[in-house]
Undergrad: 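Sending over a structure as structure tokens; questions will come in a sec.
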Amino acid sequence: EAQVTQNPRYLITVTGKKLTVTCSQNMNHEYMSWYRQDPGLGLRQIYYSMNVEVTDKGDVPEGYKVSRKEKRNFPLILESPSPNQTSLYFCASSFTGGQPQHFGDGTRLSIL
Amino acid sequence: GQQVMQIPQYQHVQEGEDFTTYCNSSTTLSNIQWYKQRPGGHPVFLIQLVKSGEVKKQKRLTFQFGEAKKNSSLHITATQTTDVGTYFCAGPGGATNKLIFGTGTLLAVQP
């Protein structure tokens with residue numbers, strides 16, 4: 001089954017404690033992206049990757065890092081999380097940029 | 001930078017009424033995509049429109065791409081409670097074709 005898998009689905013943590021949200025897709029997609037969704041603000045792109053070893057900033061990259069060492073994986077790293085990063089996060093993938101995206105189920109992060 | 005705006009932000013209808021959401025881009029789009037996000041769920045791709053003036057239908061849903069390829073609409077005929085959710089439009093932007101999402105329209109349907 002074609003899917004984008006995110007882990008964890010839910011996480012409550014404290015300020016400053018490094019965390020990683022994993023994302024994996026099994027569709028051989030070149031393009032992967034991370035979004036955060038906050039009430040009234042829609043989906044805002046954090047980082048995206050056009051292909052392996054190629055990543056670029058989206059609209060709200062501050063406080064986040066990503067890596068794309070393999071085609072299927074695109075982890076999101078919060079080196080020193082802060083409360084303003086409490087949000088719902090989605091990973092998505094598509095064959096190429098600009099094409100329809102498949103979304104993961106989402107990760108709800110609460111940073112106290 | 002490029003912006004994609006949607007109106008209305010929220011709409012509440014009685015079951016059986018029609019519903020329309022509008023999407024406007026500040027620049028010409030090569031394609032427009034529509035997604036639906038059920039409450040508590042993730043966005044799910046519905047359809048992609050590519051041609052100027054294109055109209056596509058999916059059962060009670062009608063999607064339209066404007067002649068200038070800068071606007072689009074989604075019309076739902078005779079809404080049902082299963083239509084509840086947030087509808088997003090999205091279009092490619094910039095040199096890297098990253099997908100830019102509209103702010104979404106939240107549809108509530110009262111039985």
Undergrad: Any link between Phe88(B) and Ile47(B) through a network of hydrophobic side chains (Ile, Leu, Val, Met, Phe, Trp, Tyr) touching at under 4.5 Å?
TA: no
Undergrad: Looking at Gly93(B), Pro43(B), Gly102(B), Ala90(B), which has the largest count of heavy-atom pairs under 4.5 Å with chain A?
TA: Pro43(B)
Undergrad: Membership question, hydrophobic clusters at under 4.5 Å side-chain separation (ILVMFWY): are Val84(B) and Leu106(B) in the same one?
TA: no
Undergrad: In residues 72-111 of chain A, which residues are in contact with chain B at a heavy-atom separation under 4.5 Å?
TA: Phe90(A), Gly97(A), Gly98(A), Gln99(A), Pro100(A), Gln101(A), Phe103(A), Gly104(A), Asp105(A)
Undergrad: If contact means a heavy atom pair closer than 4.5 Å, which residues of residues 4-40 of chain B contact chain A?
TA: Asn31(B), Gln33(B), Tyr35(B), Gln37(B)
Undergrad: Is Tyr87(B) linked to Phe45(B) within one hydrophobic cluster, defined over Ile, Leu, Val, Met, Phe, Trp and Tyr using a side-chain heavy-atom separation of less than 4.5 Å?
TA: no
Undergrad: Sub-4.5 Å heavy-atom contacts with chain B: which residues of residues 35-50 of chain A show up?
TA: Tyr35(A), Gln37(A), Gly42(A), Leu43(A), Gln45(A), Tyr48(A), Met50(A)
Undergrad: For residues 10-25 of chain A, give me every residue with a non-hydrogen atom less than 4.5 Å from any non-hydrogen atom of chain B.
TA: none
Undergrad: Is there a chain of hydrophobic side chains (I, L, V, M, F, W, Y, each step under 4.5 Å between heavy atoms) that links Leu74(B) to Val109(B)?
TA: yes
Undergrad: Are Ile76(B) and Leu49(B) linked, directly or through other ILVMFWY residues, by side chains that come within less than 4.5 angstrom of each other?
TA: yes
